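What follows is a set of notes on a single structure, which appears directly below.
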Amino acid sequence: MAESADAALISQAQSGDVAAFEALYKKYSTMVFRTAYAILRDRYAAEEVTQECFVRAYRGLARVQACDSLGPWLHRIAVNLSYNWWRQTHRYRLLPLDSLTVLEHSARTESPQAALYRAEVNDALAQALDTLGFDQKVALILFYLGGFSLEEIAYILDCPVGTVKSRLHYGRSKLRRTLEQMQRTLPEVAYEF
Amino acid sequence: MMWRRARRVSDDELDWAIRSTLRAETEGLEPSPQVWARVRARIADGRPDQERQARAVLWHARLANAIQGAVLAMLVLGFGLGLSRGFLGPDWHQTTAHSVPTVTYVSKSAGRYPKDVLNAKRLMQIDKQKPAPGAWRLPQ
């Protein structure tokens with residue numbers, strides 16, 4: 001149903017209907033923006049990537065077949081743009097200030113203990129994600145945040161499915177070690193108020 | 001301070017932790033409305049033409065550089081080949097050595113040797129002449 005709605009919008013946008021393209025933008029921009037943000041951890045960069053992604057999508061819309069789902073295609077553009085951005089700026093590692101507000105967000109709905117544990121896990125894993133290579137990190141983001149299948153991730157990253165599995169495996173192994181190390185070094189007092 | 005023993009994190013825990021981390025980082029994030037405004041402006045702007053023109057200029061510049069490089073390479077190559085063929089003129093040859101020695105054929109007729117051909121008698125005369133040390137001379 002969603003794909004047929006996409007197909008109609010795509011064919012309208014291909015004929016120059018900007019309103020149809022705006023509908024596609026509204027449908028996918030948040031997803032693309034969040035993926036770019038998760039990769040780059042920079043709001044400005046994520047907005048630039050989103051903007052460029054949709055401009056290029058509009059120009060390349062003629063190449064899209066009506067039956068295609070637009071999500072993986074848009075993410076492929078966004079990941080390539082994010083890679084370009086990351087390659088230019090990864091030497092200057094900037095930590096966004098809003099990563100410090102995780103505890104405040106989560107504390108609204110959870111008990112203080114659970115919120116604290118969750119915040120510590122999130123913080124440790126976010127740092128561990130930053131230490132992963134670009135390919136492993138993007139594979140994890142697309143799988144866990146984007147909810148894409150292995151085949152879709154393989155299309156987005158332009159690599160075989162086996163490579164995607166390998167990247168997910170090694171990325172998960174590294175994050176698992178981080179979690180286990182965190183549990184080993186976390187003081188008891190953190191769990192028992 | 002007490003420390004926890006290391007425990008293997010299960011797959012479910014790991015999945016939960018990764019998903020939770022990524023969602024916490026991006027929860028509630030939306031691109032600002034200016035992003036769509038900029039996208040629409042660029043679409044309506046006809047920027048593809050400008051970019052195409054810029055790309056064409058870039059390609060022309062690259063092509064011009066390539067042609068210049070090729071011409072320069074041909075000039076250098078031509079100059080190098082010209083040196084070996086002596087296009088600098090006859091003076092150049094005066095300082096160069098011939099790679100093929102000149103061969104003088106001597107006729108077999110007796111008593112008609114060229115002056116510069118040494119015979120046994122002449123060699124013996126040379127051997128008898130013992131010049132003083134430091135005064136070596138070629139025989140006349």
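Everything numeric here is computed off the predicted structure, so don't read it as measured data. Heavy-atom basis, side chains included; hydrogens, waters and symmetry copies ignored.
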Closest-packed option against chain B by number of heavy-atom pairs under 4.5 Å, given A:V32, A:L125, A:I141: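 So the answer, after comparing A:V32, A:L125, A:I141, is A:L125.
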Most chain B-contacting option - heavy-atom pairs closer than 4.5 Å, from A:L175, A:L145, A:V18, A:T50: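 Maximum pair count with chain B is reached by A:L145.
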A:E22, part contacting chain B, at a heavy-atom distance under 4.5 Å: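 Contact with chain B: backbone and side chain both.
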Chain B contact via A:Y144 - side chain, backbone, both or neither, heavy atoms under 4.5 Å: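 Contact with chain B involves both backbone and side-chain atoms of A:Y144.
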Is any side-chain heavy atom of [Y] closer than 4.5 Å to one of [X]?
X     : Y      : result
B:I43 : A:F54  : no
A:Y37 : A:D42  : no
A:D6  : A:K27  : yes
A:R76 : A:L157 : no

